[in-house]
Amino acid sequence: MKRLLKYTAWPLAGLFLLLVGPVLLATSSSLQGAESWQTASRESAGIAPRPEQHEGAIIQVYGARAWSWRGYFAVHTWIATKEKGADEYRVHEVTGWRSYVVNSRPGEPDRHWYGARPELYADVRGAEAETLIPSIYEAIERYPYPTEYEAWPGPNSNTFIAWVIREVPGLEVALPSNAIGKDYLGNSVVAEVPGGAGYQFSLGGYFGLLAGVREGLELNILGLSLGVNPLALGIKLPGIGELALRNPNPMQDGAP
């Protein structure tokens with residue numbers, strides 16, 4: 001019996017550590033969603049500048065808690081772009097209820113994700129954004145899983161955003177640790193991190209290690225990540241995400 005307890009104690013402790021964050025979110029009132037996706041808010045959160053008020057090009061990366069119980073574990077991410085002089089934004093994301101999962105269309109860049117308020121992760125504007133936007137469009141066209149979707153461990157919406165960021169030189173954005181699917185590398189096991197300087201190792205998104213200047217250090221077990229981020233002065237907790245004092249990503253002066 002003692003030997004059995006010895007061999008099971010560490011796995012049980014590890015499982016507890018991975019699930020404590022999602023359980024706390026599930027039992028708290030911090031995540032309040034609509035009763036139905038049909039009635040959940042899709043309104044703008046008022047974060048992005050209106051096109052008529054900003055002539056220059058804009059790139060913004062957003063995320064919000066996933067719908068329903070999935071929000072206890074992960075966020076859904078997307079990219080919004082506005083070309084110089086354009087009178088509308090285009091929103092680029094993957095949604096799992098379509099046969100062709102890539103969705104790139106005009107829309108509100110900062111709308112709620114079925115009741116969940118979005119968070120702005122990165123904000124690039126002006127000449128730099130103008131240079132990067134064509135490469136973003138090209139990367140979207142090359143996405144290798146346009147008809148595939150698996151909520152866990154991927155490919156999913158976060159796999160798509162991580163792919164686009166990696167494929168666009170100069171677009172260096174660290175995605176949050178609870179963007180489950182960002183570590184899915186398909187048939188590869190090693191890749192550069194989305195944040196630019198750094199690398200990650202991943203076995204199908206089930207297990208991996210990541211080290212990057214913007215991302216810090218992450219250990220990924222079954223899609224749930226924990227770690228530290230010295231640049232952001234933060235820690236990463238499964239489900240909860242990153243608790244940090246700074247945003248390591250490029251942000252326009254005055255952006256929220």
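These values consider heavy atoms only, across backbone and side chains, with no hydrogens, waters or symmetry-generated copies. Just so you know, residue 1 is the first one in the sequence shown, and it goes up from there.
Here the side chains of R42 and Y114 are in contact, with some heavy-atom distance below 4.5 Å. Between L120 and D123 the shortest side-chain heavy-atom distance falls below 4.5 Å. For the pair I180 and F73, the minimum side-chain heavy-atom distance is below 4.5 Å. Residues P109 and W78 form no side-chain contact, since every pair of their non-hydrogen atoms from C-beta on lies 4.5 Å or further apart. Considering only heavy atoms from C-beta on, V102 stays 4.5 Å or farther from T147 through its side chain. Side-chain contact between L233 and N229: absent, with no pair of heavy atoms (C-beta onward) separated by less than 4.5 Å. Taking the side chain as every heavy atom from C-beta outward, I136 and L171 approach each other to under 4.5 Å. You'll find the side chain of E108 reaches within 4.5 Å of the side chain of S44, heavy atoms only.
Salt-bridge check for E172 with R214: passed, with a basic side-chain N closer than 4.0 Å to an acidic carboxylate O. The residues E218 and K236 are annotated as salt-bridged, a charged nitrogen and a carboxylate oxygen being separated by less than 4.0 angstrom. The existence of a salt bridge linking E55 and R125 is excluded, since no basic side-chain nitrogen approaches an acidic carboxylate oxygen closer than 4.0 Å. The existence of a salt bridge linking R142 and E167 is confirmed by a sub-4.0 Å separation between a basic side-chain nitrogen and an acidic carboxylate oxygen.
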Derivation and outcome, salt bridge (Lys or Arg N to Asp or Glu O under 4.0 Å), residues R105 and E88: CA-CA 10 Å; R105 68 194 188 289; E88 64 183 6; over 6 Å; no
Tell me, with the steps shown, if E130 and K82 meet salt bridge (Lys or Arg N to Asp or Glu O under 4.0 Å). CA-CA 9 Å; E130 189 176 350; K82 186 188 81 69; over 6 Å; no
Apply side-chain contact (heavy atoms from CB on, under 4.5 Å) to residues V75 and L175 and explain how you reach the verdict. CA-CA 10 Å; V75 295; L175 295 178; over 6 Å; no
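Hydrophobic clustering (side-chain heavy atoms under 4.5 Å, transitive across Ile, Leu, Val, Met, Phe, Trp, Tyr) groups I221 together with W152. Under a hydrophobic-cluster definition in which Ile, Leu, Val, Met, Phe, Trp and Tyr are linked whenever side-chain heavy atoms come within less than 4.5 Å, directly or via other members, L226 and L209 are assigned to the same cluster. Note: the hydrophobic cluster containing V94 does not contain W97 (ILVMFWY, side chain heavy atoms under 4.5 Å, direct or indirect links). I140 and L132 fall within a single hydrophobic cluster, where Ile, Leu, Val, Met, Phe, Trp and Tyr side chains are chained together by heavy-atom contacts under 4.5 Å.
R50 places no side-chain N or O within 3.5 Å of a backbone atom of E52 that could act as its donor or acceptor partner. Here the side chain of R90 pairs a donor or acceptor atom with the backbone of S104 at under 3.5 angstrom. N156 places a side-chain N or O within donor-acceptor distance of the main-chain N or O of A151, the cut-off being under 3.5 Å. Panel note: side chain T159, backbone G181; a donor-acceptor pair is recorded below 3.5 Å. Between the side chain of N178 and the backbone N or O of G239, at least one donor-acceptor pair lies under 3.5 Å.
A pairwise comparison of heavy atoms in Y145 and G186 identifies OH-CA, 3.2 Å as the closest pair. Listed here is the closest heavy atom pair of T95 and N103: OG1-ND2, 4.3 Å. Scanning all heavy atoms of the two residues, the minimum distance from S157 to H76 falls at OG-ND1, 3.0 Å. Looking at every heavy atom in both residues, A64 comes nearest to P118 through CB-CA, 3.9 Å. Between N158 and A179 the shortest heavy-atom distance is ND2-C, 3.3 Å. Of all non-hydrogen atoms in A122 and N249, the two that sit nearest each other are CB-CB, 4.0 Å.
Checked against the 6.0 Å centroid threshold, F201 and Y199 do not count as a close aromatic pair. Separation of the Y184 and W163 ring centroids does not fall under the 6.0 Å cut-off. Between H92 and F160, the ring centre distance reaches or exceeds 6.0 Å. Not less than 6.0 angstrom separates the ring centroid of Y121 from the ring centroid of Y62.
We find the CD1-CD distance between I59 and E83 to be 10.0 Å, quoted to the nearest 0.5 Å.
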